[in-house]
Structures are given as structure tokens and as C-alpha cells.
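Have a look at the structure below, then the notes.
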There are 2 protein chains.
Amino acid sequence: MPDPAELERDLRTAGLRVTRPRLAVLDAVHTHPHLDTEALIGAARTRLASISHQAVYDVLRVLTDTGLVRRIQPQGSVARYEARVGDNHHHLVCRGCGAIVDVDCTVGAASCLTPSDDVGFAVDEAEVVFWGRCPNCAADHPTATPPSPPDVQRGRP
Amino acid sequence: MPDPAELERDLRTAGLRVTRPRLAVLDAVHTHPHLDTEALIGAARTRLASISHQAVYDVLRVLTDTGLVRRIQPQGSVARYEARVGDNHHHLVCRGCGAIVDVDCTVGAASCLTPSDDVGFAVDEAEVVFWGRCPNCAADHPTATPPSPPDVQRGRP
DNA sequence: GCCTCTTTCTTGACTGCTTCAAGGGAGCGG
DNA sequence: CCGCTCCCTTGAAGCAGTCAAGAAAGAGGC
């Protein structure tokens, strides 16, 4: 759980006004990475009981636009948010339960960021998602062939 | 444009019944990679005028479940489909217009498929998306800083 | 500390992609 | 050609996310 003063500083540094809803949401994202919006609404309400649906959506948009949080959205999942930004890490997603785990960049920033042929594109980011089954889900279906593309719906991390 | 007999064979090999709607959709996906569902409905209707909305959704699901087509969904975009499967290629997405281009695997299957620490996950696929600006969009805003995360909405390829 | 301006939050309704459900119709094996 | 099963059509609903108008709360100057 991050220091409230630090969150406030982050907001000001980003040129944003400091409001209770923003602190509540930003704290929630720091404390619970990879939650979806609905779960974040719940988490934010433990900090500020009366915050509205819409405020959380607005705040999340502002925070992603300013780079304070990062939005991720694996196939078949709704949008999820995390506060770890600026370090080019990637994600491991379980096809069974939807759990998301951070992984550091596999092969180093350089080769990770360079497609073999960029056909003239100015590439500024490489997003990598590793799909598989977490230890629990792999144990549940030891011999089952993994469902082809994702059957993830809304697994809770 | 693929050979109809070949599409039919693909369907049978996958254990699926051969129907006109399935042929129409499969042909459309082969002919126009990276289209979204709505555009595919249009493309399929040039082949089979009366195919319904719902049939296209159903067929696309069956085809993705059996691995005949692949579903991709970059951040901020609706679902898109392509018929190039089984070769572990990746995608380059333009933040400006949403254009999607195939790129071959950057660093070879091995390192591409291996996170630095898989924390016990059985990983079976690595999905890579390169974000940037296509030559046209880069020319439109030569000095503009690229909008942080995607502002893609529904660019037509 | 107070005032004013601007930004942001609340409330409520709505959009658009995708899915669910029921019944008629078409493919496929015999 | 017959019958069984699966598939497609029609119509409607679900749900994440967005739009809009007005009230409330920051931020800076007096």
C-alpha cells in the first residue's frame, strides 16, 4: 500500500488536480494490480464510499492518458489496470482462470522492440502476452489439451 | 482468393459440416485479413447475400475454436480475424489509423516463447503486438508526440 | 480566509458489440 | 430418399463502456 503523499505527488507531477476520487482509484490500482474496472470500483469504494461508476471510468482514462497507470486487455477479458509503468514488462495469462502475472522482458529491450520488418512503421512499443495455464489450472486438467484460443472470461486475479 | 474446394476440405478436416455460410465467411477471412466482424458480415454478403448477422458470429466462433481462423483484438479495437494460423507470426498496429500488418517472429520461436520466469505456468503461446505509426499517420503528425496508449478506435485496414 | 474560475464528480440514460433463445431449415449417413 | 442432428434465421437481451447536463470541489489570486 503506497504512501498517500506519494500518490498525491504523482498526480501533481502529471499536472492533474488532486481529488479524493483520484487518490482512491490510484491507490486501489497500486494495491491490486490487474483488476478490472468493476473490481476497481469496489476497491475504490473501500477508500471513498460514495465514488460513482462514472468517476472511476473517468479517472482511469485520465490516469492512463497521463501514463500513471497502464491499461491491459488480454483476449476475451475486459480492461484491466496496473500501476507498474515505464519498465516494459510483460504478462503471463492463464487460459483457465484468467490470472495475470507480471514477467520481466524476456530477451532485452532491444530485440524485444524490433520487428524483423517494420514496413515503414515508427514502432514505439512491443506488447507481449504469454498464454498458458497456471499451476492450479494445469493440475485440474492434467491431460486435457488446452482450449485453442482463450476461453478466459473474467477470471479474478 | 482461395480455392473453394480447398476451403471445403479445410472444413471437413476440422470435422465441421460444409455449409454456404461457413464457406462464405471463411473465404471472406482469407481474402480480407484483419477485418472486424461488421466488415466481415459485409464481405460475406457479397458471397451469400442473405447471411445473417448472427450466423457470422457463430461461424467465426466455430472457426476460431477449431483453429481455422485466428482472432486478434488489439487494445481499443473490436475483434478482428485472420486465416493465417499456425505460424506464430505477430502484428504491427498503427496507433493512428488502426491498420494491422503481419510481421514474422522477431527473434525466433525459442526465445520468443520463453518468459524469463514462468512462475510455474505451462506456456504454449507468445503473442506480440508492436505499436507505432504507419508511414501515412507518421507523416500527418510529424512532430506530434504519439498519444500514450492506443487511441485506435475502429480503423479500417 | 474568501472569491472566482475551471475542472471534475454525480446522476441518469444510451450506444454498440456480442451473446442468448426458439423454431424452421439444411447437411450428411444410412 | 429418409431421418437425425446440427446449423441458420429472427428477434431480443446483456454488458462494458460512453455521452450529457448540472452540482460540487480544487487551485490560485485578492
Side-chain angles (χ1 to χ4, degrees), chain A residues 7-9 11-26 35-42 44-45 47-66 68 71-81 98 149-156, chain B residues 7-9 11-26 35-42 44-45 47-66 68 71-81 98 149-156:
Chain A
L7 299 178
E8 185 175 335
R9 187 175 50 74
L11 286 172
R12 290 193 197 283
T13 305
L16 299 176
R17 286 191 180 174
V18 177
T19 68
R20 289 146 139 288
R22 286 179 177 174
L23 288 171
V25 172
L26 191 51
L35 282 195
D36 61 34
T37 309
E38 187 180 326
L40 279 173
I41 292 173
R45 284 187 176 150
R47 294 160 174 80
L48 179 63
S50 64
I51 189 173
S52 71
H53 178 84
Q54 186 61 31
V56 177
Y57 273 97
D58 285 350
V59 169
L60 286 173
R61 168 176 296 186
V62 169
L63 295 179
T64 51
D65 286 351
T66 54
L68 288 179
R71 175 184 169 132
I72 58 177
Q73 188 168 16
Q75 290 259 16
S77 168
V78 296
R80 291 161 184 282
Y81 297 87
D151 53 7
V152 177
Q153 285 307 330
R154 58 196 59 187
R156 300 279 261 94
Chain B
L7 299 179
E8 185 176 334
R9 187 176 50 74
L11 287 172
R12 291 192 197 282
T13 304
L16 299 175
R17 287 189 181 176
V18 178
T19 68
R20 289 144 139 288
R22 286 179 177 175
L23 288 172
V25 172
L26 191 51
L35 283 195
D36 60 32
T37 309
E38 187 180 327
L40 280 173
I41 292 173
R45 283 186 174 150
R47 295 159 173 79
L48 178 63
S50 64
I51 188 173
S52 73
H53 180 84
Q54 186 61 33
V56 176
Y57 273 97
D58 284 350
V59 169
L60 286 173
R61 167 175 297 186
V62 169
L63 294 180
T64 51
D65 286 351
T66 54
L68 287 180
R71 174 183 171 134
I72 58 178
Q73 188 167 17
Q75 290 258 15
S77 168
V78 296
R80 291 162 183 281
Y81 297 87
D151 54 7
V152 178
Q153 285 307 330
R154 58 195 60 186
R156 302 278 263 94

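Lettering of chains follows the sequences in order, A, B, ..., and the numbering in each one begins at 1.
- The closest side-chain donor-acceptor pair between A:R61 and A:T64, if any, does not fall under 3.5 angstrom.
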Once base and sugar-phosphate atoms are separated, protein heavy atoms under 4.0 Å mark nucleotides 4-13 of chain D, 5' to 3', with B, S and - as -BBSSBBB--

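- Taking the side chain as every heavy atom from C-beta outward, A:L7 and A:R22 never approach each other to under 4.5 Å.
- Judged purely by atom type and a 3.5 angstrom limit, B:R47 has no side-chain atom pairing as donor or acceptor with the backbone of B:V25.
- The separation between B:R61 atom CZ and C:dC17 atom P is 17 Å, rounded to whole Å.
- By the 4.5 Å heavy-atom criterion applied to side chains, A:L35 and A:Y81 are not counted as neighbours.
- What separates CG of B:L11 from C1' of C:dC28 is a distance of 14 Å, to the nearest Å.
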Show the numbers, then the answer: is there a side-chain contact (heavy atoms from CB on, under 4.5 Å) between B:I51 and B:I41? CA-CA 8 Å; B:I51 188 173; B:I41 292 173; 5.5 Å; no

* **Test side-chain contact (heavy atoms from CB on, under 4.5 Å) applied to A:Q75 and B:R71, step by step** => CA-CA 9 Å; A:Q75 290 259 16; B:R71 174 183 171 134; 3.8 Å; yes

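- Distance CG (A:L23) to C1' (C:dT8): 13 Å, rounded to an integer number of Å.
- Within the helix from C:dG1-D:dC30 to C:dG30-D:dC1, the inter-axis angle between the opening and closing five-pair segments is 40°, rounded to 10°.
- Distance, B:L40 CG to C:dC17 C1': 14 Å, rounded to whole Å.
- Put simply, A:T37 has a side-chain N or O that comes within less than 4.0 Å of OP1 or OP2 on D:dG17.
- Rounded to an integer number of Å, the gap from CG of A:D65 to C1' of D:dT18 is 14 Å.
- When each of B:V18 and B:Q73 is assigned the nucleotide of DNA chain C bearing its nearest heavy atom, the one mapping closer to the 5' terminus is B:Q73.
- Here the shortest heavy-atom pairing between A:E8 and A:L23 reads N-CD2, 3.9 Å.
- Scanning both residues, B:L48 and B:R20, for their nearest heavy atoms gives CD1-NH1, 3.3 Å.
- A straight line from CD1 of A:I41 to P of C:dT10 spans 11 Å, rounded to a whole angstrom.
- At whole-Å resolution of the value, CG in A:L26 and P in C:dC9 are 12 Å apart.
- In this structure, OH of A:Y57 is placed 13 Å from P of D:dC19, rounded to the nearest angstrom.
- The phosphate of D:dA27 (OP1 or OP2) has a side-chain N or O of A:R12 nearer than 4.0 angstrom.
- Looking at every heavy atom in both residues, B:H53 comes nearest to B:R45 through N-NH2, 3.5 Å.
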